[in-house]
Undergrad: 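One structure, as structure tokens, below. Some questions next.
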Amino acid sequence: QVQLVESGGGLVQAGGSLRLSCTASRSTWTIKAMGWWRQVPGKQRELVARVGSGGTTNYADSVKGRFTISRDSAKDTVNLQMNSLKLEDTAVYYCNVMDIIHHEYWGKGTQVTVSS
């Protein structure tokens with residue numbers, strides 16, 4: 001029943017920053033984890049960052065030190081602060097939510113394009 005609303009994608013030059021946001025239409029108590037994935041044409045969707053219960057976080061090696069994920073439990077929102085963006089960060093970014101019975105929900109995706 002979760003609906004995800006994503007925002008913050010756009011065009012940015014290499015070295016710049018963007019902040020993605022995703023809000024879920026479900027109370028926090030039903031959500032186990034929230035995160036961001038990304039996909040480019042011809043490649044599999046990959047995990048970028050995820051925050052779980054208790055605030056534990058996981059990051060792809062390629063974004064460690066540059067991206068920061070945070071969760072606002074009161075608002076059922078997850079944010080991804082992306083700094084020092086590189087050309088290879090260009091992708092469609094998808095918000096993902098896992099509820100307490102391990103059902104997964106996906107946003108429609110937001111385009112992030114990094115230019116030289």
Side-chain angles (χ1 to χ4, degrees):
Q1 308 304 120
V2 174
Q3 297 181 43
L4 306 179
V5 180
E6 303 157 318
S7 64
L11 175 65
V12 65
Q13 289 190 318
S17 299
L18 285 174
R19 183 177 178 86
L20 304 183
S21 182
C22 174
T23 299
S25 61
R26 178 171 285 187
S27 298
T28 302
W29 70 270
T30 69
I31 298 174
K32 184 176 181 179
M34 303 181 74
W36 289 93
W37 297 62
R38 67 187 181 188
Q39 187 170 28
V40 298
K43 296 184 179 181
Q44 290 185 298
R45 191 172 299 182
E46 66 173 355
L47 175 67
V48 178
R50 178 168 54 202
V51 57
S53 60
T56 57
T57 58
N58 296 96
Y59 294 92
D61 288 340
S62 60
V63 307
K64 288 181 178 178
R66 299 188 298 119
F67 292 8
T68 302
I69 191 166
S70 60
R71 179 179 175 182
D72 185 343
S73 297
K75 298 181 178 180
D76 292 330
T77 297
V78 63
N79 300 300
L80 185 68
Q81 179 66 45
M82 304 185 293
N83 298 326
S84 302
L85 283 161
K86 303 176 180 180
L87 294 178
E88 52 264 43
D89 293 319
T90 295
V92 177
Y93 285 69
Y94 296 89
C95 181
N96 172 262
V97 167
M98 179 181 290
D99 68 19
I100 58 174
I101 56 174
H102 293 247
H103 289 168
E104 291 192 50
Y105 305 87
W106 294 92
K108 294 182 178 180
T110 184
Q111 178 71 46
V112 171
T113 302
V114 183
S115 63
S116 61

Undergrad: Can you name the closest pair of heavy atoms from Cys95 and Val78 and give their distance?
TA: SG-CG1, 4.0 Å
Undergrad: Quick one: does Ser25's side chain have a donor or acceptor within less than 3.5 Å of a partner on Gln3's backbone?
TA: yes
Undergrad: Could you tell me the separation between the CD atom of Gln111 and the OG1 atom of Thr90, rounded to the nearest 0.5 Å?
TA: 7.0 Å
Undergrad: Could you give the distance from OG1 (Thr68) to CG (Leu80), rounded to the nearest 0.5 Å?
TA: 8.0 Å
Undergrad: Looking at every heavy atom in both Arg19 and Ser70, which two are closest together, and how far apart are they?
TA: NH2-OG, 4.2 Å
Undergrad: Between CZ of Phe67 and CG of Asn79, what distance do you get to the nearest 0.5 Å?
TA: 14.0 Å
Undergrad: For Met82 and Val12, what are the C-alpha separation, side-chain angles and deciding distance, and is it a side-chain contact (heavy atoms from CB on, under 4.5 Å)?
TA: CA-CA 11 Å; Met82 304 185 293; Val12 65; over 6 Å; no
Undergrad: Under a 4.0 Å threshold between the charged nitrogen and the carboxylate oxygen, would Asp61 count as salt-bridged to Lys64?
TA: yes
Undergrad: Would you name the heavy atoms of Ser116 and Gln13 that are closest together and state the gap between them?
TA: O-NE2, 4.2 Å
Undergrad: Can you tell me which residue among Leu20, Val51, Val48 is in a side-chain contact (heavy atoms from CB on, under 4.5 Å) with Ile69?
TA: Val51
Undergrad: Look only at the side chain of Thr77 and the backbone of Thr23, and say whether a donor-acceptor pair between them is shorter than 3.5 Å.
TA: no
Undergrad: What do the steps show when you test Tyr94 against Leu4 for side-chain contact (heavy atoms from CB on, under 4.5 Å), and what is the final call?
TA: CA-CA 10 Å; Tyr94 296 89; Leu4 306 179; over 6 Å; no
Undergrad: What closest approach, in Å, do Ser84 and Ser17 show between heavy atoms, and which atom pair accounts for it?
TA: N-OG, 4.3 Å
Undergrad: With rounding to the nearest 0.5 Å, note down the distance linking CZ in Arg50 to CE in Met34.
TA: 13.0 Å
Undergrad: Can a donor-acceptor pair be found, under 3.5 Å and without considering hydrogens, that links the side chain of Glu6 to the backbone of Lys108?
TA: yes
Undergrad: So Val63 and Arg38, side-chain contact (heavy atoms from CB on, under 4.5 Å) or not? Walk me through it.
TA: CA-CA 12 Å; Val63 307; Arg38 67 187 181 188; 4.0 Å; yes
Undergrad: Atom CG in Leu47, atom CH2 in Trp36: separation rounded to 0.5 Å?
TA: 12.5 Å
Undergrad: Which pair of heavy atoms, one from Tyr59 and one from Ala49, lies closest together, and at what distance?
TA: CD2-CB, 3.6 Å
Undergrad: Are Asn96 and Glu104 close enough that some pair of their side-chain heavy atoms sits under 4.5 Å apart?
TA: yes
